[in-house]
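This one's a predicted model, so the numbers in the text were calculated from it and none came from an experiment. Just so you know, ligand 1 is whichever comes first in the structure, and atom 1 is the first atom listed for that ligand.
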Amino acid sequence: MDGEGLRPLTPKYTNMAKSSWFILVELLLLLECLSHLSISQGQGYDFFYFVQQWPGSYCDTRKACCYPTTGKPAANFTIHGLWPNYNNGSYPSNCNPNSPYNATKISDLLGKMEVDWPTLACPTNGGTRFWTHEWEKHGTCSESVLDQHSYFEAALNIKNKVNLLKVLEDAGIQPNDQFYREPQIREAIKAGIGYTPAITCNTDSSKNRQILEIYLCVDASGKDLIECPKFPTRCKKPPLQFPIF
Ligand SMILES: *[C@@H]1O[C@H](CO)[C@@H](O)[C@H](O)[C@H]1NC(C)=O
Ligand SMILES: *[C@@H]1O[C@H](CO)[C@@H](O)[C@H](O)[C@H]1NC(C)=O
Ligand SMILES: *[C@@H]1O[C@H](CO)[C@@H](O)[C@H](O)[C@H]1NC(C)=O
């Protein structure tokens with residue numbers, strides 16, 4: 001067991017190993033300082049995902065959906081959320097427990113939110129639970145840039161700039177229960193709005209894959225669409241159903 005390979009390192013090699021060890025430690029310390037510096041000077045995230053969902057797919061699963069107290073939403077994409085994200089794909093969440101959702105702060109936006117950001121979760125409710133979740137989990141992480149009112153308003157503004165349903169329908173992709181290939185959907189949106197989306201899917205009770213959500217990316221100000229620095233896991237195959245709603 002006491003073989004050649006287990007002998008202590010020669011002194012020269014040990015010194016070399018020691019000094020490169022110190023250099024490594026110093027580099028790591030320097031990197032740590034730099035990263036703290038950039039986080040405290042920056043906004044704590046790199047960009048947003050702006051996520052819209054197709055209500056027909058949300059509802060067409062074994063899990064039921066419930067229409068909001070305001071009634072069945074229009075057959076249109078609706079907002080799921082505006083999510084601060086890092087370029088490396090991970091994301092911050094629940095950043096400020098001292099900043100609860102407060103409907104009074106966005107009372108002027110609630111009418112629009114009922115149309116463009118309705119809840120489909122059960123039991124039927126007015127949206128408060130959904131918006132509370134979105135603000136507290138995601139919105140609090142971009143609070144240094146967008147306060148509560150600006151955050152919800154930013155999402156509504158982007159939704160208004162991007163009429164996904166029209167862009168798809170203009171390309172012959174309609175919510176008619178037919179199946180469409182992912183590149184066809186992606187390219188129609190890219191051609192219509194100028195930015196590459198990511199399409200995610202779910203599976204209905206007959207095991208058909210269907211278009212569930214469309215991700216677009218927005219710069220850290222919450223104003224302008226950008227090409228995504230990083231895509232979520234996309235649904236590439238098989239062809240996706242676009243269900244009637
Ligand atoms: C991603 O980047 C963020 C911010 O720079 C960092 O806090 C986080 O640890 C990184 N996550 C991974 C998995 O690299
Ligand atoms: C909600 O916001 C309003 C308007 O800013 C403020 O007056 C009120 O104190 C807030 N409520 C809570 C529970 O924080
Ligand atoms: C769908 O939503 C867009 C905004 O994203 C809006 O411009 C359009 O009028 C809506 N279409 C219908 C049919 O409700």
- Message: Assess whether a salt bridge exists between Lys223 and Asp219, defined as any Lys/Arg side-chain N lying under 4.0 Å from an Asp/Glu carboxylate O.
- Response: no
- Where does Val162 meet ligand 3, judged by heavy-atom distances below 4.0 Å: at the side chain, the backbone, both, or neither? backbone
- Message: Under 3.5 Å between any N/O of Gln52 and any N/O of ligand 3: does that happen in this structure?
- Response: no
- Is the closest side-chain donor-acceptor distance between His80 and Glu213 under 3.5 Å? yes
- Item | Residues Asn202 and Gln210: side-chain donor-acceptor under 3.5 angstrom | yes
- Message: Less than 4.5 Å apart, side chain to side chain, heavy atoms only: is that true for Lys161 and Asp224?
- Response: yes
- Does a donor on one side chain and an acceptor on the other come within less than 3.5 Å for Ser150 and Asp147? yes
- Contacts satisfying salt bridge (Lys or Arg N to Asp or Glu O under 4.0 Å) that involve residues 130-146 (not counting sequence neighbours) are none
- Is there at least one pair of N or O atoms, one from Lys159 and one from ligand 3, spaced under 3.5 Å apart? yes
Exercise answer: donor-acceptor pairs, residues 228-236 side-chain atoms, under 3.5 Å, sequence neighbours excluded:
none

- Message: Could you tell me if the side chain of Asn208 sits less than 4.5 Å from the side chain of Pro238, heavy atoms only?
- Response: no
- Query: Among all residues two or more places apart in sequence or in another chain, which pass the ring-ring contact (aromatic ring centres under 6.0 Å, His included) test with Phe47?
  - Reply: Tyr49
- Message: Measuring from non-hydrogen atoms of Leu165 to any atom of ligand 3, is the shortest distance under 4.0 Å?
- Response: no
Close N/O pairs between ligand 2 and protein, under 3.5 Å:
from	atom 1	to	atom 2	distance (Å)
ligand 2	2 (O)	Asn102	OD1	3.4
ligand 2	2 (O)	Asn102	ND2	2.3
ligand 2	11 (N)	Asn102	ND2	2.9

- Considering the heavy atoms of Ser90, write down every atom of ligand 1 situated less than 4.0 Å from one of them. 1 (C), 10 (C), 11 (N)
- Message: With nothing but distance in play, are any N or O atoms of Asn88 less than 3.5 Å from an N or O of ligand 1?
- Response: yes
